[in-house]
Amino acid sequence: MALYIGFDSSTQSLTATVIEVEDAAGRREAGRRVVAEHTVVFDEALPEFGTLRGVHTSSDGRTVTAPAAMWVAALDVMLAHLRDTGIDLAAVRAVSGSAQQHGSVYLSAAAPRTLAALDPARPLAPQIAGVLARPEAPVWLDCSTSGECRELTTAVGGAEALATLTGSRAYERFTAAQIRKFAATDPERYAATTRIHLVSSFMASVLCGGDAPIDPGDASGTNLMDLVRREWWPLAIEATAPDLARRLPAIRDSWSVAGTIAPYFRQRFGFGEAKVVTWSGDNPCALIGLGLVEEGRLGISLGTSDTVFAATLRPGPDPGGSGHVFASPAGGYMALTCFANGSLARERVRDAYGLDWAGFSRLLESTPPGNGGALMVPWFVPEITPTVDVRGPIRADLDPEDAARNVRAVVEGQAMSMRLHSQWIAPSVTTIRATGGAAANRAILQVLADVFDAEVVRIAPPNAASLGAALRAFHADRRADGAPIAWTDAIAVFTDPIPDAGARPRADAAEKYAALLPRYAHLLESGIRW
Ligand code: XUL
């Protein structure tokens, strides 16, 4: 029996999925299972870092950061939990991970020596804090870099050139704009920075006690990578900040091995010689964890952000300019649209009416599809798709006091936004695979099924991103040991849908939404012009 661990270092928490794979050929079904899945919520487990929903937000809501030391403190908490609940960490053959995309971690010249000699007698956080040239890492919710986006766009020859080469036009949360802002506003600490990691490559570096590469999937979220060549794009790098090239890690295949797990983890938690497989972004990992290794199916992740994505063979950017093309960790590409108002918006509505999730679902089920014409554009925080600064939802024919209709309106608004902004990925679909915390909610899945007029299915492990990371560790381990397996084999059994756990579209409801979509599109448009 071999064990593999996939971590998901996300905005609000760290999750680990431990899978077991029996090596014997021909016993695939019997020998594959999820052994453990555990989540450490940052705000609850690590209150000393003072985060709210995993982040620090400025009073105007535009600058959003997280303490990088908190992410490694969570790793200590997680591994102690796995060890203490009886997981045989010595049997782990490889670990990999998934991380919130775009965020960047700034290390000083002391990092290589400290990472290579982490002291197993002391916790990780204070040791890592000593090598952070910038303790706060900007994260994907940050939208304070509109000026930098404009400058970058001009420097590389326009939005179309940038989108064609890197897969996305300039976005505030993308790493290039964030680095540019840091280098300009804090030149001293920029000068003291010798390495800029993404959250994914930072976590992998800590695990292997070295300098892990970035995989093409997560490098796609920087605006700095030539998407087809899978190499840093010199023009974008020069346009971003002085002397940036030497500060960036290498880009290596998603299935590359970054190193062996550091002595710190062997001595403190009982690991053997586990491989550390290069980490990737949470969306690229969710693509794998949902089994989307070939074209043809749509995935939806209902997490802190809501994302809609699919595997594709073509790197063509979204003609509408709001989507992204990333490299897929299985080879090829993935098309993706991201909404900042995912669970952040659902939680705001839940809290505004003093509900828990059960109450939220009850109210959702008590209201009819189409909500009697009441609509909401759910912009509680600045939105990414479409990019709008305004905060505060837009209501049409909707009384703010009416709890039930507001609950339905937020869910329907999110689903209709996803439908409208995923036309470029797939104009129509028959099946959607859903993951993320809110995918456990049947009433929400029913709205998605009706709005998309497609069946929505779920896979058994709740967190597709950490599962995807564990499957990537398995796939890469086989490859490194000279016994490669096809992706379709690697994901088999783990990503099979759970029978009857999703939702089927209902013809009358689907018809209602088809009629409502143009009105909703109009409301969205008026919000953009507002
Ligand atoms: C994707 C994006 C978010 C983060 C959240 O572009 O910004 O989905 O990856 O974890």
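Numbers here simply count residues along the sequence, with the first being 1. One-based numbering, in listed order, for ligands and for the atoms of each.
Geometrically, R169 engages Y171 in a cation-pi contact, judged by NZ or CZ lying under 6.0 Å from the ring centre and within 45° of the ring axis. Because its NZ or CZ atom is both nearer than 6.0 Å to the ring centre of Y333 and within 45° of the ring axis, R230 counts as a cation-pi partner of that residue. Under a cutoff of 6.0 Å and an axis angle of 45°, R419 and Y513 do not form a cation-pi pair.
When each atom of ligand 1 is checked for a heavy atom of H102 under 4.0 Å away, the hits are 1 (C), 2 (C), 6 (O), 7 (O). Below 4.0 Å from some heavy atom of R173 lie the following atoms of ligand 1, by number and element: 1 (C), 2 (C), 6 (O), 7 (O). Atoms of ligand 1 lying under 4.0 Å from at least one heavy atom of S305, given by number and element, are 3 (C), 5 (C), 8 (O). Listed by number with element, the atoms of ligand 1 under 4.0 Å from a non-hydrogen atom of T307 are 8 (O). Close contacts between ligand 1 and Q101 involve ligand atoms 4 (C), 9 (O) [criterion: under 4.0 Å to a heavy atom]. Within the listing of ligand 1, atoms 10 (O) sit less than 4.0 angstrom from a heavy atom of Q100.
Under the side-chain hydrogen bond (donor to acceptor under 3.5 Å, both in side chains) rule, N341 has a single partner from E383, R348, Q414, which is E383.
Not one N or O of H324 is nearer than 3.5 Å to an N or O of ligand 1, by distance alone. Considering backbone and side-chain N/O of D282, one or more are found under 3.5 Å from N/O of ligand 1.
Remark: side-chain polar atoms of S343 are not paired, donor with acceptor, to backbone N or O of R346 under 3.5 angstrom.
Note: H475 and W487 have parallel aromatic rings, judged against thresholds of 30 and 60 degrees for the angle between ring planes.
Proximity of the aromatic rings of F42 and F49 is defined here by a centroid distance below 6.0 angstrom, and this criterion is not met.
When non-hydrogen atoms are compared, ligand 1 lies under 4.0 Å from the side chain of N283 (C-beta onward) but not from its backbone.
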